[in-house]
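Structure first, commentary second.
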Amino acid sequence: MSSIRAIRGMSDILPEESCYWQFLEAQVRALLASHGYAEVRLPLVELTALFRRSIGEVTDIVEKEMYTFEDRNGESLTLRPEGTAGCVRAVIQNGLLGTSQRLWYSGPMFRYERPQKGRQRQFHQIGVEAFGVATPDMDAELIAMSARLWQRLGLASHVRLELNSIGSSAARQAYREALVTYLDGHREALDADSQRRLESNPLRILDSKNPTTQEILAGAPALADFLDGESRADFERLTELLDAAGIPYVINPRLVRGLDYYNKTVFEWVTDSLGAQGTVCAGGRYDSLVEQLGGKPTPGIGFAMGVERLVLLLQAAGIAVQDAARAQVYAVCVGEAATSAAFASLARLRDALPDLHIVQHTGGGSFRSQMKRADRSGADYALIWGDDEVANGVVTLKALRGEGEQRQLPVTQLVDELAGLNRAS
RNA sequence: GUGGCCGUAGCUCACCUGGUAGAGCACCGGAUUGUGGCUCCGGAGGUAGCGGGUUCGAGCCCCGUCGGCCACCCCA
């Protein structure tokens, strides 16, 4: 084994996996297009300041997980750890905020974390963002669209929607103070991480996995009691719309998101089938982020899906996907004359039937070894060229699956013959 | 950043208390002078992650290091 390896947490996606990625991406593209969402392609690298200002200075992402480096001109750059910040930057910079916008993007994100199941250092997200609409019908649209995606992927029974409102920033501020006051009385009983977060990010204590901490939280003031009237009304309306659309949800009053820019609606789609990293899609509203990053005040809401996690879930759920590169026809050709004849005939065949998957054998070998390859390729048919076929201007067609004797046909009939087979299969 | 488990053939894994490597699958060839899938026969393939230590002798024990998996943390 060579000493040159892939970087830890940055894995290759091999053919066995890539067919799941293609399936997922195709479904997502079709769904987003059908709802009027347009794709944007964004840089992987942004100014470090963009992430510091949007994600939040005291978050783990900014404090210890970013891939930050100095450009040759001395500017501090960062490999994007998430997609929303760059998307917001792009809509501001390109003047897209005159009307409401429905956008999506996909690609790799980078966080320096310890790899585990469902967590890589280079991981992939598909993000969806909607700008310019403050009303909860937009929240409902995004959630309903994601629900429809699980339906289309065959994952609906494997995920559940958790929902919460974290209110306005003023409401959150008031709640934070009440929570800190309460928890301060139990400081000694809290786990070490929660004690630390008491100073840095008290709301995050709510979703601590520590049992003792959770017991203490049972008596804590509730975020819902601190919500401002508008947040309360919008959340109520959102649940009505979800009910109307027949989308089940559970309200999780402990659900808070890790990134600072969220307000009002936050939600997560979670699964129990993937171990510890069960969040497969998550998002929320961010009504002050655009202004915070220098754009004119514009509300926004969005979510991101973790592609690796969804692929794991597709596999865990036993969803069958077809291998896009599988051969339908494998061409066997033994000898130089046969290889030349095969090249000539296959060129015409590919012209006539561009969607037919044809693999021509390369590298020589006996009939026996080539037939073995044909079988292993998974192809439905073998096309066989040898000296006899060349001499007679014919080709042998043999079904590799199911019934049927092999037969010879004039090469001039090849296109018609396979056109029929292609439709049938 | 912390912890647990694990690194032996391309893959999945054996090798009882240390005596210097093996199976299945995959691959190549043959039985079948131009025909795959089943069967049989044969073959190739390994500096046991790497470095050090203990020992007459280490895949096995000890230390270090790198890597993988899972969990904490964090989050998609």
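Letters go in sequence order (proteins before strands), and every chain restarts at 1.
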Out of [options], which has the shortest distance to the side chain of [X]?
X	options	value
A:P115	B:C69, B:G30, B:G67	B:C69
A:M371	B:A76, B:A26, B:U35	B:U35
A:R376	B:A76, B:C27, B:C72	B:C27
A:T279	B:C72, B:A76, B:A26	B:A76
A:Q277	B:A71, B:A76, B:C73	B:C73
A:R257	B:A76, B:G30, B:G67	B:A76
A:S369	B:G1, B:A76, B:G29	B:G29
A:Q125	B:G36, B:A76, B:G34	B:A76

Roughly how far apart, to the nearest Å, are [N] and [M] at atom [atom1]?
N	M	atom1	value
B:A71	B:A48	C1'	29 Å
B:G51	B:U8	P	16 Å
B:G4	B:U20	C1'	32 Å
B:U65	B:C6	C1'	16 Å
B:G45	B:G7	P	25 Å
B:A26	B:C63	C1'	38 Å
B:C61	B:G30	C1'	46 Å
B:U33	B:C25	P	25 Å

A quick test of your reading: do over 12 heavy atoms of other residues, nucleotides or ligands sit less than 6.0 Å from [atom1] of [X]?
X	atom1	value
A:F69	CZ	yes
A:R89	CZ	yes
A:R176	CZ	yes

Let me see the working for A:D380 and A:R326 under salt bridge (Lys or Arg N to Asp or Glu O under 4.0 Å), right down to the final yes or no. CA-CA 10 Å; A:D380 302 305; A:R326 194 194 123 243; 2.8 Å; yes

Report yes or no: is the cationic atom of A:R121 (NZ for Lys, CZ for Arg) closer than 6.0 Å to the six-membered ring centre of A:Y112, at no more than 45° off its axis? yes

Exactly one of A:L312, A:L155, A:L274, A:V270 should register a side chain to side chain contact (heavy atoms under 4.5 Å, CB included) with A:V280. Which one does?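 Answer after filtering A:L312, A:L155, A:L274, A:V270: A:L274.
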
Tell me the stems RNA chain B sits in, counting at least three consecutive Watson-Crick or G-U wobble pairs, each under 3.5 Å on both distances.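 Stem segments, range with range: B:1-7 with B:66-72, B:10-13 with B:22-25, B:27-31 with B:39-43, B:49-53 with B:61-65.
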
When all nucleic acid strands are considered with a 4.0 Å heavy-atom cut-off, which category describes [X]: base, sugar-phosphate, or nothing?
X	answer
A:I384	base
A:G118	base
A:R373	sugar-phosphate
A:V280	sugar-phosphate
A:A282	sugar-phosphate
A:R8	sugar-phosphate
A:Q120	base

Just to be sure I understand the geometry, which residues of residues 52-68 of chain A put a non-hydrogen atom under 4.0 Å away from RNA chain B? A:D60, A:E65

Is the shortest side-chain heavy-atom distance between A:T84 and A:Y105 below 4.5 Å? yes

Residue pair A:L346, A:L383: steps toward the side chain to side chain contact (heavy atoms under 4.5 Å, CB included) verdict: CA-CA 10 Å; A:L346 292 179; A:L383 279 175; 4.2 Å; yes

Locate the shortest heavy-atom distance separating [X] from [Y]; write the atom from each residue and the value.
X	Y	result
A:H158	A:T271	O-OG1, 2.9 Å
A:F303	A:S146	CZ-CB, 4.1 Å
A:H357	A:A324	CE1-O, 2.7 Å

Examine the base of B:G1 for any acceptor or donor lying under 3.5 Å from a partner atom in the side chain of A:E113, and report the outcome as yes or no.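 No pair found.
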
Is there a donor N/O on one and an acceptor N/O on the other, under 3.5 Å, for the side chain of A:Q370 and the base of B:U35?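 A donor-acceptor contact between them is absent.
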
Polar-atom pairs under 3.5 Å, protein N or O versus N or O of nucleotides 2-6 of chain B: list them with distances, or write none.
from: B:U2; atom 1: O4; to: A:R114; atom 2: NH1; distance (Å): 2.4
from: B:G3; atom 1: O6; to: A:R114; atom 2: NH2; distance (Å): 3.4

Spacing between A:H361 atom NE2 and B:U35 atom P, to the nearest angstrom: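 About 15 Å, once rounded to whole Å.
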
In whole Å, I'd like the distance from the CZ atom of A:R368 to the C1' atom of B:U35. 10 Å

Measuring to OP1 and OP2 of B:A71, would you say a side-chain N or O of A:Q116 lies under 4.0 angstrom away?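 Yes, such a contact exists.
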
Testing the 3.5 Å rule here: is there a donor-acceptor pair between the side chains of A:R111 and A:Q122? no

5'-most contact on RNA chain B: A:K117 or A:K398, nearest heavy atom basis?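 Per heavy-atom nearest nucleotide, the more 5' residue is A:K398.
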
Set out, in order, the CA-CA distance, both residues' side-chain angles and the distance that settles ring-ring contact (aromatic ring centres under 6.0 Å, His included) for A:H124 and A:W21, then state yes or no. CA-CA 10 Å; A:H124 298 75; A:W21 286 63; 5.0 Å; yes

With a 3.5 Å distance limit and no angle check, can you tell me whether A:E82 reaches the backbone of A:A85 through a side-chain donor-acceptor pair?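 Yes, A:E82 side chain to A:A85 backbone: donor-acceptor pair under 3.5 Å.
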
